[in-house]
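Here's the structure, in structure tokens; my notes come after.
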Amino acid sequence: MNFRARQCYLFVGVVVVVMLMTSDLTLGLGDVHTSAVTVAQLVQTEHVVIDILQDYITKEENRLEAIKRYVESWEEGEADYVNNPINSYLFLRRLTQEYNTVLDALHHTPTLDVRSNLTLLRESTDVPVEADVNGAAYALVKLQDTYNLTIDDLVEGDIMGRKAVHVLSASDCFRLAQQSFNNLEFELSEMWYKKGLELLHARQPLTQEELDKIDAITRQQATRSMMRNLVTKMARDSDDAVHSKFSGLGLPTSFQQQIYEGQDGVDQVKQVDELYRRLCRGEDILPPEAFFGLKCGYVFGVSGYHQLMPFKVELVWSDPIIIVYHDVLTHTEMAMVKHISTPRLATTMIHSFTTHEIRKSLARVGKTAWVRRGDDITVDKVLARIEDMTGLTTYTSEDLHVLNYGIGGHYDAHVDFFDLQNKSLDKDPHQGDRLATMLFYLNDVEAGGSTVFPMLGIGVPARAGSALFWFNLKRSGKGDYRTVHAACPVLLGEKWIANLWIHEWGQEFRWTCTLDPEE
Ligand SMILES: O=C(O)CCC(=O)C(=O)O
Ligand SMILES: [Fe+2]
């Protein structure tokens, strides 16, 4: 292995080890792609960049044109400038007026202007950096994995028949391979290296540089596999304190399987993950009989206008109760919630209940904003509607949590409750546990983005204006683990949701509880 390759491997090794020690799988991954709003803003920024450059090109062309005109108007040895008065006049005019134009053109170059305009733009916008390209590359790999997309289709830029503007090159494949490796997706990494090499081999005749690249990557296979074994062993040998740091951070299931091999619960993780993928792909998991007895109907609200105008309700599951309300928000209301949230969107963080840290995680990729009662009349109306729909108070709930997922945006399997009965969290600020979740879909997602419940085998597509509702707690107040749910990665388009976590306090006369720990 040459020195550069060795250095490169050392670097990858260090990255992987640092990721394990700090349990930060997001290291080196930017999150520009995680929100469709941010990407749309960048598309606008690029329009401005193109305008600035276009203007620069025009000015440069005019400048060169002036210089060219001067040079071309000189007819060497052809004219008698000395004896012919007209020639003499033209000659002197050239040397004064036209020559000055040339001097002007040479002095006033538009380069400084274009540079300062571009610098201003860079300072006023979050221009993506290398890490953001890696983030977007990792999103692609995640989509490939969840939706069983073939590597060939991805290379051709084909996602479910929708063509991209360009195909992927060999070096794109190597970037995807490297990114998968950094994120401990070792099998996927191998596949992408193989594809990259195949694309390079297909280029005939090969340049010396390409031959060197093929050679280096082929020789690095052995080091990669050594690195992989080392990292896996280190993770396997780590103690519980380190393992608990990993929880909820989006460690790939394939890697978890290897490090927790033979331990309790690992089969369940694998099973939940498998069901999650199948549900995301829209596969039917349950036989039709499982849905017998489930109903659709009109249900009147508990107060206000909906006492006369019922809600369209679909019972998606009966135990635990999962309900979809159709057409419950208007387009204006959805637009308003998105409008207020857009300037507040920030990288989604997750709260680890084992370490109490708040961190960026690969388990949840998207951008979040919080909006509260009083921020806008629409928010107040939405909260009042939730009370109408559920009969529960929203005065002890959290603020409305708005999420914008871009391509690959997702949320791995989780429960919404804190299980306060089992954990010694300070209860007061929480107003009790999260009794129920109301999740509004604020747009139609072109492909992907369903909410799925792997333990139950059901999935709910994101449809603009509908709302998904379920109870997180049993009547005894215990967390109901059957409500494990996940947001499938967005495959095409974007996804907007707003959810409200309704808390236990204040529901004493609205929700019957029981002392029976089994209920
Ligand atoms: O986006 C979704 O479909 C689910 C989001 C979710 O589960 C959450 O925010 O807790
Ligand atoms: Fe959730």
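Start at 1 and go down the list; that is how both ligands and their atoms are numbered.
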Open item on the list: So, using side chain to side chain contact (heavy atoms under 4.5 Å, CB included) as the criterion, who are the partners of F291 when residues are at least two apart?
Closed with: L286, L294, W317, I458
Open item on the list: Looking only at the side chains, is there a donor atom on one of T437 and D416 sitting less than 3.5 Å from an acceptor on the other?
Closed with: yes
Indicate yes or no for a side-chain donor-acceptor contact from [X] to the backbone of [Y] under 3.5 Å, with no hydrogens or angles considered.
{"X": "H47", "Y": "T45", "value": "no"}
{"X": "E504", "Y": "Q431", "value": "no"}
{"X": "H401", "Y": "W370", "value": "no"}
{"X": "S466", "Y": "R463", "value": "yes"}

Atom name of the N, O or S atom in [X] that lies nearest to the Fe ion (ligand 2):
{"X": "H414", "value": "NE2"}
{"X": "D416", "value": "OD1"}
{"X": "H485", "value": "NE2"}

- [ ] Quick one: do D376 and T378 satisfy side-chain hydrogen bond (donor to acceptor under 3.5 Å, both in side chains)? Show the steps, please.
- [x] CA-CA 5 Å; D376 184 88; T378 312; 2.7 Å; yes
- [ ] Heavy-atom cut-off of under 4.0 Å around ligand 1: list whichever protein residues fall inside it, by chain and number.
- [x] R364, L403, Y405, Y411, H414, D416, L439, T451, H485, A487, K495, I497, N499, W501
